[in-house]
Structure formats: structure tokens, C-alpha cells
Novice: 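Just passing along the structure, written as C-alpha cells.
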Amino acid sequence: INLSNFPLVSIMASSTEQTLEYLVGEVCKKTQSALHHQSCNIQHVAQISPSITDLVLRSKILESGLTEEINHETKSILISPKQAQILINTTADTLLNSKESSMETLKMQYILSHITTELDAEITKKIEFNRKVFKEQISEIIKIIPYNDTTINKLYDDLFELLCLNERYIEDITDPEQELDGIAEREINAALENVFPRDSIKEYKALSSKNKRVQLERLMDIIYGIRLYDRDIGKGGSSITDIPKLIEMDLSEMYTLINNKIEIIQIEIENYTKIIELEYLKPGTITTPLLSLQSELRNRYQFIKYLNHYKDEVIQSTEILHTIIKKYNDELKALHSLFKTEQNPLKTQVYPKFAQLSQFWKLFISEKYCNESRKQIIEILKKFQLSFKISLNEKDIELTILSTKQQENIAMNQEKKFIPFHIIQALNSNIIQLDHNMFDPNNIKYNAFCLVSLCDKNGALLVGNKQTLVQLNENENDENKSSENTQQNTNNNDNKYCFYSQTELKEFATAPSKYFDALNQTLIKYPELINILGLNKEYNNSPLSMITFQLNSMLPEPMTNIPRKISQGVETPTHFLEENIVPSYSWNEWDLRRRALQIVNMRLKQMRTHSTQTDLSHYKRDNTTQYWLKQPLADGTMPGIANQTGIERATNVPKQKKIITGLRGKPNETVSVVTLTFDPPIKRLN
């Protein structure tokens with residue numbers, strides 16, 4: 001047939017090259033229009049995003065039978081304009097108005113995926129914004145040159161304003177009209193005058209801009225650390241909220257809430273599973289549609305997966321919080337010990353500890369942000385728990401209770417039954433049996449759900465029997481090598497499977513590729529399975545993996561002993577890393593030599609350290625250095641014993657004494673003045 005004689009057919013064929021992309025765009029336009037012109041309420045724009053629209057559209061195409069073959073790689077189908085319009089209307093109506101459990105599961109996946117990403121970005125944005133504000137204000141302070149009383153007062157006023165801004169940030173006072181506590185302002189001002197007295201202006205003015213920035217950032221930490229210490233001893237710290245205690249209480253309440261919901265959902269999952277198993281064992285027994293029960297079971301498995309994720313996150317956050325609290329209390333104890341043993345300890349001893357207290361408190365602030373985000377997500381999960389009408393009824397549950405003993409006997413027999421693996425290996429030599437003691441659902445393909453049941457029973461989620469744990473080798477001719485490297489291969493989760501019973505295992509061993517191909521069609525029909533089975537990375541437009549709100553993801557590794565958590569969405573740390581600056585570090589070998597001579601010289605003289613030899617007062621000297629290399633002795637050797645340090649000699653100058661002669665004696669004696677010069681002997685002092 002010459003298609004050129006049929007222009008309508010050729011136009012239709014050319015218009016279907018981008019049909020799916022076109023249909024997705026039209027559905028999105030229709031849903032957006034409905035939101036603006038009709039009384040349609042949605043929880044989040046993610047439920048009408050192009051990604052979820054694409055999955056729902058493919059499911060509707062497969063359900064309508066417009067094409068026999070469609071997968072996630074299909075880009076176009078042959079479809080008439082009328083059929084296209086029907087698809088657009090049906091898909092838009094499903095996205096906006098459907099209350100079916102399968103659609104609610106899909107909405108929950110996409111909404112939580114988008115919200116966790118948004119909340120994670122908000123935390124990053126908030127922290128980065130505060131850092132930017134502090135950086136800009138410090139830059140303005142650095143520009144001030146304190147050369148008279150006016151500029152010095154301006155410097156201290158701006159420093160006070162910077163410290164108050166830091167206080168507002170820590171206490172989360174966002175309202176600019178809300179004033180800071182007056183007592184807190186007086187404490188900040190007193191600490192500023194104590195840490196940075198006005199007689200230190202000369203040293204500050206001599207610093208470079210980079211060093212000034214470091215000193216001002218450190219000044220903020222020291223002053224807030226002083227307030228934290230005063231709060232601990234009960235002599236200050238006004239308006240400081242006990243953030244660690246509040247976070248600990250919130251985590252405890254959150255853990256209790258999540259744990260209670262997990263118990264409730266687990267009971268529901270058991271009821272769903274028993275009813276579905278009973279229906280497959282005795283078809284026609286239950287009164288509820290089987291497909292509805294399976295769809296609701298998928299919803300509950302997804303729901304409990306989210307709950308378990310945030311339960312683990314709360315546990316890890318609690319451990320990290322306790323670690324930081326312990327380090328914080330250790331610093332406080334060290335300060336108490338210093339002030340107890342010494343009435344006036346050196347500033348070089350206490351200031352670093354004050355700064356460390358402030359750093360630990362900032363970690364509590366970051367954890368507070370994470371905790372607030374978790375609360376929002378749990379509130380969203382509460383809404384999805386009751387988002388559809390449950391099909392479970394008491395009559396079906398009673399039927400499962402009556403047959404409980406029979407099912408328990410069957411389950412017990414399956415648990416204890418020996419799997420004749422030689423039969424399985426005879427069917428497929430690429431399958432090897434694994435030790436069921438290493439059974440962990442998170443380390444098994446499809447999260448330990450039975451692949452055969454998924455494909456043959458309309459997406460039924462039946463957990464595999466751990467005694468059917470097997471590994472499928474990819475290379476058919478490499479059986480011996482796979483047997484030798486079994487332990488190494490067991491670490492690979494992509495080729496480990498388990499099945500509901502021996503029957504499903506035999507069917508899989510007969511034709512594995514058959515079920516891999518059938519799974520693609522199952523995922524098209526039930527797109528919510530992609531996230532439940534952990535296949536997000538293998539399919540486009542699937543929901544993003546869950547992002548972990550973890551304090552440890554914002555910190556460098558040495559801060560805690562707990563493994564670092566990384567955002568799964570972007571696979572990079574999303575929050576800033578703190579710099580560890582060592583002020584005493586010097587790369588200049590002559591500076592190091594000068595410091596060594598200083599230490600040795602002090603030890604040789606057996607002198608106590610006094611004010612002119614400390615690092616802080618060293619900058620008060622006008623000369624460049626207090627020490628210099630001595631000149632060689634007359635014999636060509638360097639002064640000193642077994643070292644090149646200077647040897648002190650007597651430095652007394654010759655003494656002169658004038659004597660008048662001729663005042664007595666002979667009458668004709670002439671009066672004169674005689675000058676006597678005494679040269680004191682040279683004597684080594686060491």
C-alpha cells in the first residue's frame with residue numbers, strides 16, 4: 001500500500017512521534033487550568049508534576065488497551081485525536097480527584113520526595129543566609145579604622161550590633177521589631193569590653209584584613225561561650241533557651257509516635273496478607289475485591305517503609321545529640337576545673353574552650369532545624385494514613401482467624417521444609433543457594449518481595465521465604481568461578497532473590513528472563529511499586545530516594561564517632577563544613593628557629609615567664625623581635641654549650657676615677673689631676 005495516497009494516515013503517523021510528551025504536557029496544562037478555574041484542592045504541586053503524570057499516563061494507556069506493548073522507554077504510540085483527548089481527560093481527573101489507594105500511594109511518594117528536597121534546601125538556605133549576613137557585616141566592620149575616639153566608638157557599636165545579631169540568630173528571633181532582652185544586651189556588652197578591651201585597639205589595627213576577620217569570628221564564639229558558661233554556673237546567660245533539652249524531648253515524643261504507628265500499620269499488613277493468602281489458597285472465600293486489598297497492601301508497605309526510615313533517623317539523631325551533649329558537658333567541666341584550681345587562669349587556656357562551647361551550641365541549632373523538618377513530614381504522613389477508605393472488614397478478618405491454625409501449620413512447614421536445591425540447580429545451573437542466616441530484606445533485590453508473585457498475581461506484595469534465598473549468576477559459563485567467589489558475590493544486592501515458596505522458586509529457575517520482562521509491564525500497571533521495590537534509580541520519572549535529615553551530614557567526619565550521612569538526592573554533603581584554623585601554625589623556618597631560640601634561652605636562664613614574654617603582649621613591642629642570633633666568639637665558635645644559643649658575658653665598661661695630687665707634701669709641688677682607669681675582669685656567667 002502506498003501511504004502517500006492517504007494523506008490523513010501520513011499526518012497521523014508523523015503526529016505520533018512525540019505523542020507521550022505531548023499528552024503529558026496537555027495533561028499538565030489541564031490540571032493547572034482546573035486548579036485556577038475550579039474548586040480543586042491538592043496537597044502539593046508534586047501530585048500534578050510531569051513525572052507523576054507520565055507514569056499515570058502510561059498506566060492508563062496499558063489499562064485502555066490502546067497498545068499491546070508499552071514500557072518506560074516508549075516515546076510515542078499511534079493514537080487518534082479522540083483517543084488522545086479521552087486519555088488527557090482521564091489522566092487529569094485521576095490526578096486531581098482520584099481517592100483510590102494506588103493513586104494515594106503514588107501521591108504520597110511524590111509529595112514526600114518533593115517536600116523532603118524542599119525542606120533540605122531550606123535548611124541549607126537558612127544556614128548559608130545567616131553566614132552571608134555575618135560575613136557582610138564583618139566586612140563592614142573591618143573597613144573601620146580606629147584612629148580616634150569617634151571611630152573607636154563606631155567600631156564597638158558595630159561589634160555590639162554584630163553580637164546581638166548572632167544572639168538573635170541562635171534564639172531564632174526573626175521578627176526585626178522584637179527586641180532582645182535588656183539583661184542579655186548588658187551581658188554581651190560587658191563580655192565585649194572584657195574580651196576586647198580598648199587598650200588592645202593598637203594591636204587590632206596592626207592586623208591584616210584576613211586576620212581581622214578571623215579574630216572577629218572568634219570573638220563572636222568566645223563571647224557567646226562566656227554567656228553559656230555564666231548560664232551554667234547560674235550567674236548570667238539571660239534569654240538563652242535550653243535547646244538540647246527541647247530537642248531531646250521532641251525526639252522522644254517523635255520516636256513514641258512513630259513506634260505506635262508502626263505497630264498499628266504492622267497489624268494491618270498482617271491482616272491484609274492473611275486475607276490475600278486465604279483468597280489465593282481458597283478462591284472465592286472473601287467478600288472484598290482482591291485487587292483492592294492488594295492495592296491497599298502496597299499503600300501500607302510504602303507507609304511503613306517511610307515510618308521505619310524516620311524511626312532509624314530519630315534513633316541516629318538521638319545518638320548524635322547525646323554525643324554532642326557529652327562533649328559540651330566535658331568542656332564545661334574543664335572550665336570549672338580551671339577556675340577552681342586557678343583564680344585567674346590565662347586567657348589562652350579559657351578562650352578556646354569558650355569558643356568550643358559556642359561551636360557545640362551551633363550544632364544544636366542545626367539539629368533543631370532537622371527536627372522541625374521531620375515534624376512536618378510526620379504530619380503529612382498522618383494525613384496519608386487516612387486518605388482513602390479501607391476495604392478490610394470484620395467478616396474477612398474472622399475468616400482468617402478461623403483458618404489461622406491451618407495457615408500457621410502451612411507456614412511452619414514452609415519454614416522447616418528443606419529446599420531440594422539439586423532440583424533447582426538442575427533447572428538452572430546459574431542459580432546458587434545462599435545461607436539463609438544472612439537474610440536481610442535491605443540487601444536483597446526488590447526488598448525481599450517475591451518476583452514471581454509480583455508478576456503472576458497482579459502486583460501482590462508477598463514477602464519471600466528466607467530459605468529460598470538464591471543468587472543468580474550472569475555468566476552462564478562461569479559456574480565454577482561463581483561457586484569459588486560466593487562470599488564476594490553475596491555483597492552484591494542486584495543478583496540475590498528470595499521467593500514466597502518453593503513453587504515460585506522453581507518457576508523462576510525455569511525462565512528468569514520471562515519474569516524480568518513481565519516485571520516491566522507490572523511496574524507500568526502499578527507504578528507505585530517502583531519506589532516500594534527500591535528501583536528508583538533504574539526508571540526515569542520515578543520519585544527521588546528519601547533524603548536523610550541528619551545533623552551529622554552537616555559536619556566534618558571527626559566531629560562524632562557515628563558514620564556520616566549524606567543526602568541521597570544529590571549524593572553530596574548539603575551543608576557547610578567548618579574550618580579548623582590553627583593560629584600558631586607557621587610555614588617560615590626562620591620564624592620556627594626564632595621561637596626555638598626563645599624557648600631554649602628561657603630555659604637556660606631558668607627564668608619565670610613574665611608579661612613581656614607572652615604571645616598576647618608580644619605585639620605591644622615596637623621592635624620586630626625580642627631575640628637575635630649572637631655573634632661568634634674570638635676563637636670562631638658560637639657561644640653556648642653544645643648549642644648555638646648566645647652566652648652572656650660581663651658587659652661592665654672600664655671605670656675611671658679622678659684623684660687630685662699635690663695638695664700635700666712639698667711646698668713647691670704642683671697641683672694636678674690624675675685619672676685612673678680600672679678594667680674589670682671578663683667572667684662567664686654560665
Novice: Walk me through it: do L162 and M220 pass the test side chain to side chain contact (heavy atoms under 4.5 Å, CB included)?
Specialist: CA-CA 8 Å; L162 176 66; M220 294 169 58; 3.8 Å; yes

Novice: Using 0.5 Å steps for rounding, measure from the CG atom of N495 to the CD atom of Q471.
Specialist: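 Atom-to-atom, N495:CG and Q471:CD are 4.0 Å apart.
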
Novice: Are K326 and E319 within salt-bridge range, i.e. N to O under 4.0 Å?
Specialist: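 The answer is no: the pair does not qualify as a salt bridge.
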
Novice: Compute the ring centroids of Y500 and F449, then answer whether they are less than 6.0 Å apart.
Specialist: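 Centroid distance Y500-F449: not below 6.0 Å, so no.
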
Novice: Sub-3.5 Å donor-acceptor pair from the side chain of S49 to the main-chain atoms of V45, do we have one?
Specialist: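 Side chain of S49 to backbone of V45: no pair is present.
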
Novice: Taking the side chain from N329 and the backbone from I325, do they hold a donor-acceptor pair closer than 3.5 Å?
Specialist: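 At least one qualifying donor-acceptor pair exists.
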
Novice: Stepwise, does the side chain to side chain contact (heavy atoms under 4.5 Å, CB included) test hold for M108 with Y306?
Specialist: CA-CA 10 Å; M108 176 171 59; Y306 283 130; 4.0 Å; yes

Novice: Quick one: do V463 and Y301 satisfy side chain to side chain contact (heavy atoms under 4.5 Å, CB included)? Show the steps, please.
Specialist: CA-CA 11 Å; V463 179; Y301 268 120; 3.4 Å; yes

Novice: Using side-chain heavy atoms (C-beta onward) and a distance below 4.5 Å, is L257 in contact with K382?
Specialist: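 SC-SC contact between L257 and K382 confirmed.
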
Novice: Minimum heavy-atom separation for S453 to L462, with atom names?
Specialist: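 In terms of heavy atoms, the two residues are closest at OG-CD1, 3.8 Å.
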
Novice: Has R298 got a side-chain atom pairing as donor or acceptor with Y526's backbone, closer than 3.5 angstrom?
Specialist: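 It does not hold such a pair.
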
Novice: May I ask you to test the F499-N465 pair for a side-chain heavy-atom distance under 4.5 Å?
Specialist: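 Contact flag for F499/N465 side chains = no.
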
Novice: Return the set of residues passing side chain to side chain contact (heavy atoms under 4.5 Å, CB included) with Q32 (not counting sequence neighbours), or none when no residue passes.
Specialist: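 Scan of Q32 (side chain to side chain contact (heavy atoms under 4.5 Å, CB included), adjacent residues dropped) gives L35, H36, I48.
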
Novice: Working note: E538 + K445, criterion salt bridge (Lys or Arg N to Asp or Glu O under 4.0 Å); need CA distance, chi angles, decisive distance, verdict.
Specialist: CA-CA 13 Å; E538 299 181 18; K445 188 74 171 179; 3.0 Å; yes

Novice: Any idea how F516 and Y497 line up, ring-wise: parallel (<30°), tilted (30 to 60°), or perpendicular (>60°)?
Specialist: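 Aromatic pair F516/Y497 classed tilted.
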
Novice: Between L529 and G459, which heavy-atom pair has the shortest distance, and what is it?
Specialist: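 Smallest interatomic distance, heavy atoms only, reads CD1-CA, 4.1 Å.
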
Novice: Do the side chains of S542 and L535 get nearer than 4.5 Å, heavy atoms only?
Specialist: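 Sidechains of S542 and L535: no contact.
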
Novice: Could you please spell out the steps behind the ring-ring contact (aromatic ring centres under 6.0 Å, His included) verdict for Y110 and H44?
Specialist: CA-CA 9 Å; Y110 276 90; H44 195 273; over 10 Å; no

Novice: Regarding S501 and E504, do their side chains bring together a donor and an acceptor under 3.5 Å, going by distance alone?
Specialist: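 Present: a donor and an acceptor within the cut-off.
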
Novice: Just one of T273, I390, L461 clears the side chain to side chain contact (heavy atoms under 4.5 Å, CB included) bar with R300, so which one?
Specialist: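 Result for side chain to side chain contact (heavy atoms under 4.5 Å, CB included) with R300: I390.
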
Novice: Hey, does I269 have a side-chain heavy atom less than 4.5 Å from the side chain of F303?
Specialist: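 Not in contact.
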
Novice: When you measure from the side chain of R227 to the backbone N and O of I188, does any donor-acceptor pair fall under 3.5 Å?
Specialist: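 Looks like no, no N/O pair under 3.5 Å.
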
Novice: Kindly determine whether E296 and S101 satisfy side-chain hydrogen bond (donor to acceptor under 3.5 Å, both in side chains), including the steps that lead there.
Specialist: CA-CA 6 Å; E296 293 173 13; S101 56; 4.9 Å; no

Novice: Apply salt bridge (Lys or Arg N to Asp or Glu O under 4.0 Å) to the pair K362 and D221, showing each step before the final yes or no.
Specialist: CA-CA 10 Å; K362 289 179 181 178; D221 291 338; 3.0 Å; yes

Novice: Is there a donor-acceptor contact under 3.5 Å from the side chain of T116 to the main chain of S113?
Specialist: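 At least one qualifying donor-acceptor pair exists.
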
Novice: Can Q43 and K383 be counted as having a side-chain donor-acceptor contact under 3.5 angstrom?
Specialist: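 On atom types as modelled, these side chains do not qualify, holding no pair under 3.5 Å.
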
Novice: Does the side chain of T288 reach to within under 4.5 Å of the side chain of I275, using non-hydrogen atoms?
Specialist: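 Sidechains of I275 and T288: no contact.
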
Novice: For I233 and H336, work out which heavy atoms get closest and say how close.
Specialist: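 Shortest heavy-atom contact: CG2-CE1, 3.3 Å.
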
Novice: Is it the case that D250 and Y255 place a side-chain donor and acceptor less than 3.5 Å from each other?
Specialist: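 Side-chain D/A pair, D250 to Y255: absent.
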
Novice: Would you give the length of the straight line joining atom CG of N259 to atom CE of M254, rounded to the nearest 0.5 angstrom?
Specialist: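 Those atoms lie 13.5 Å apart.
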
Novice: For S239 and D181, does a side-chain donor sit closer than 3.5 Å to a side-chain acceptor?
Specialist: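 No, no side-chain donor-acceptor pair sits under 3.5 Å.
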
Novice: Report the relative orientation of the aromatic rings in F360 and Y328; use parallel for angles under 30°, tilted for 30 to 60°, perpendicular for over 60°.
Specialist: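 Ring orientation, 0 to 90° scale: perpendicular.
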
Novice: Roughly how far, to the nearest 0.5 Å, is the CG atom of L62 from the CD atom of Q521?
Specialist: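 Reported value, rounded in 0.5 Å steps: 5.5 Å.
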
Novice: Does S295 use its side chain to pair, donor to acceptor, with the backbone of S292 at less than 3.5 Å?
Specialist: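 No, because the side chain of S295 does not come within donor-acceptor range (under 3.5 Å) of the backbone of S292.
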
Novice: Which salt bridge (Lys or Arg N to Asp or Glu O under 4.0 Å) pairs, counting each pair once, include a residue from residues 95-104, with sequence neighbours left out?
Specialist: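 Every pair satisfying salt bridge (Lys or Arg N to Asp or Glu O under 4.0 Å) with a residue in residues 95-104: E104-K107.
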
Novice: Just wondering, more than 12 heavy atoms not from E73 lying within 6.0 Å of its CD?
Specialist: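 No, CD of E73 has 12 or fewer neighbouring heavy atoms, counting only those of other groups under 6.0 Å.
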
Novice: Rounded at 0.5 Å granularity, tell me how far CG in N308 sits from CG in D312.
Specialist: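 Going from the CG atom of N308 to the CG atom of D312 covers 6.5 Å.
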
Novice: Between E268 (side chain only) and E263 (backbone N and O only), is there a donor and an acceptor less than 3.5 Å apart?
Specialist: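 Side chain of E268 to backbone of E263: no pair is present.
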
Novice: Mind checking whether W361 and Y224 have parallel, tilted or perpendicular rings, split at 30° and 60°?
Specialist: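 W361 and Y224: tilted rings.
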
Novice: Under a 4.0 Å N-O cut-off, is there an ion pair linking R131 with E128?
Specialist: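 So R131 pairs with E128 through a salt bridge.
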
Novice: If we check side-chain hydrogen bond (donor to acceptor under 3.5 Å, both in side chains) with Q109, which of these qualifies: E528, Q302, K305?
Specialist: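 Output: one option passes, namely Q302.
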
Novice: Indicate yes or no: at least one non-hydrogen side-chain atom of L544 is less than 4.5 angstrom from one of N536.
Specialist: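 SC-SC contact between L544 and N536 ruled out.
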
Novice: CD of Q47 to OG of S98: how many Å apart, nearest 0.5 Å?
Specialist: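 So the CD of Q47 and the OG of S98 are separated by 10.5 Å.
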
Novice: For L357 and L332, which heavy atoms make the closest approach, and how far apart are they?
Specialist: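 Distance-wise, the nearest heavy atoms are CD1-CD2, 3.7 Å.
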
Novice: Charged N to carboxylate O below 4.0 Å: is that the case for D242 and R231?
Specialist: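 R231 and D242: salt-bridged.
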
Novice: Which value, rounded to the nearest 0.5 Å, describes the distance between Q467 atom CD and D435 atom CG?
Specialist: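 One gets 10.5 Å once the value is rounded to the nearest 0.5 Å.
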
Novice: State, without any angle test, whether K496 and N443 hold a side-chain donor-acceptor pair at a distance under 3.5 Å.
Specialist: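 There is no such pair between these side chains.
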
Novice: Do R374 and S317 have side chains that get closer than 4.5 Å, going by heavy atoms?
Specialist: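 Side chain of R374 against side chain of S317, heavy atoms only: contact under 4.5 Å found.
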
Novice: Show your reasoning for whether side chain to side chain contact (heavy atoms under 4.5 Å, CB included) applies to T400 and I397.
Specialist: CA-CA 5 Å; T400 61; I397 296 176; 4.2 Å; yes

Novice: Under the 3.5 angstrom rule, does the side chain of E171 hit a backbone N or O of T241 as a donor-acceptor pair?
Specialist: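 Yes: the side chain of E171 pairs with the backbone of T241.
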
Novice: Where do T522 and C455 come nearest, in terms of heavy atoms and distance?
Specialist: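 Taking T522 first and C455 second, the nearest heavy atoms are OG1-CA, 3.9 Å.
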
Novice: If you look at every heavy atom in L523 and Y539, which pair is closest and at what distance?
Specialist: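 Heavy atoms of L523 and Y539 come nearest at CD1-OH, 3.3 Å.
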
Novice: Any sub-3.5 Å donor-acceptor pair from T31's side-chain atoms to V27's backbone N or O?
Specialist: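 Yes.
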
Novice: Would you check if the side chain of N371 reaches a backbone N or O of E367 as a donor-acceptor pair within less than 3.5 Å?
Specialist: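 No; judged by distance alone, with no hydrogens or angles, the pair does not exist.
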
Novice: Do L363 and I320 have side chains that get closer than 4.5 Å, going by heavy atoms?
Specialist: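 With C-beta onward as the side chain, the pair stays apart.
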
